[in-house]
Amino acid sequence: MKLAITGKGGVGKTTLSSLLARFFASQGRTVLAIDADPDANLAAALGYAPEEFSKITPVSEMSELIEERTGAKPGTTGGYFKINPRVDDIPDRFSARRNGVKLLVMGGVKKGGGGCICPESVLLRSLVNHLILYEKDVVIMDMEAGIEPLGRATA
Ligand SMILES: Nc1ncnc2c1ncn2[C@@H]1O[C@H](COP(=O)(O)OP(=O)(O)O)[C@@H](O)[C@H]1O
Ligand SMILES: [Mg+2]
């Protein structure tokens, strides 16, 4: 199962995502939770303390990884980038783990005028498209508020 939780800001996406992640983990399923909201707080909802939370490096800050995989330097505009980057090793190499839930934080906008998050979105879309799951595996994505996840086809 791959579930994307979308909707307006404040409607309960993060709360529902964390509850589903914990529920499926408690059923013995392998769960990958992806915080795909640039204003990330799924880790807090999953019970990470602030000091642990701050140690998680968002995928969007792995500039070398994004550049290596997509061919685009984050924060730059124009040019070409790959729309089918390699992603199979990302969940195991870059996720945090707690209570049976693997957590990947995509990250995104850090400051005003920080540029577009196109390469990051491409990486996310590709990651979720190409992840091959076993029967009992679940991916839960806590999405950005609004309809952007539909426009970008990340949902
Ligand atoms: N079913 C609910 N009933 C009441 N309050 C809720 C419910 N779901 C979430 N909340 C509260 O609403 C606020 C926003 O929830 P959150 O999950 O962060 O929304 P989103 O991720 O969609 O922005 C939080 O304070 C959360 O505790
Ligand atoms: Mg949220």
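Atoms within each ligand, like the ligands themselves, are counted from 1 in listed order. Here, residue 1 is the first one in the sequence, and each next residue gets the next number.
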- [ ] May I ask which of T15, D37, L42 has a heavy atom nearer to atom 15 (O) of ligand 1 than the others do?
- [x] T15
Task: Non-hydrogen protein atom less than 4.0 angstrom from atom 6 (C) of ligand 1 - done: no
Task: Non-hydrogen protein atom less than 4.0 angstrom from atom 26 (C) of ligand 1 - done: yes
Task: Presence of N, O or S from T15 under 2.8 Å of the Mg ion (ligand 2) - done: no
Open item on the list: Less than 4.0 Å from atom 22 (O) of ligand 1, is there any heavy atom belonging to the protein?
Closed with: yes
TODO: Under 4.0 Å from a heavy atom of K8: give me the atoms of ligand 1 that qualify, with their elements.
DONE: 22 (O)
Open item on the list: Among D39, D37, D142, exactly one meets side chain to side chain donor-acceptor pair (under 3.5 Å) together with T14. Which residue is that?
Closed with: D142
TODO: Compute the shortest N/O to N/O distance between L16 and ligand 1 and return yes if it is under 3.5 Å, no if not.
DONE: no
Task: I5 reachable from M106 in the ILVMFWY side-chain graph, under 4.5 Å edges - done: no
- [ ] Could you tell me whether some N/O pair between N41 and ligand 1 is separated by less than 3.5 angstrom?
- [x] no
Task: Candidates N41, V101, L19 - the one meeting side-chain contact (heavy atoms from CB on, under 4.5 Å) with L46 - done: V101
Open item on the list: If we ignore hydrogens and angles and just use 3.5 Å, is the side chain of D35 paired with the main-chain N or O of L42 as donor and acceptor?
Closed with: yes
- [ ] Using distance alone, decide if ligand 1 has a nitrogen or oxygen within less than 3.5 Å of any nitrogen or oxygen in D142.
- [x] no
Task: Main-chain N/O of D92 paired with S95 side-chain donor or acceptor, under 3.5 Å - done: no
TODO: Around atom 19 (O) of ligand 1, find the nearest protein heavy atom and jot down its residue, atom name and distance.
DONE: G12 N, 3.0 Å
TODO: Verify the contact flag for atom 1 (N) of ligand 1, where contact means a protein heavy atom under 4.0 Å away.
DONE: no
Open item on the list: Going by the closest heavy atom to atom 12 (O) of ligand 1, which one wins out of G10, S18, S17?
Closed with: G10
Task: Sidechain N-carboxylate O distance under 4.0 Å for R69, D89 - done: yes
TODO: Report the C-alpha distance between K102 and T30 in whole Å, list the side-chain angles of each, state the deciding distance to 0.1 Å, and finish with yes or no for side-chain contact (heavy atoms from CB on, under 4.5 Å).
DONE: CA-CA 8 Å; K102 282 189 246 180; T30 301; 4.2 Å; yes
Open item on the list: Hydrophobic cluster membership, with links at side-chain heavy-atom distances under 4.5 Å among I/L/V/M/F/W/Y: are L103 and I34 in one?
Closed with: no
Task: Interatomic spacing from CG in L104 to CZ in R93 - rounded to 0.5 Å - done: 12.0 Å
- [ ] Please report which non-hydrogen protein atom sits nearest to atom 18 (O) of ligand 1, along with the residue it belongs to and the distance in Å to one decimal place.
- [x] T14 CB, 4.0 Å
Task: Atom indices of ligand 1, in the order listed, that fall short of 4.0 Å to a heavy atom of G9 - done: 23 (O)
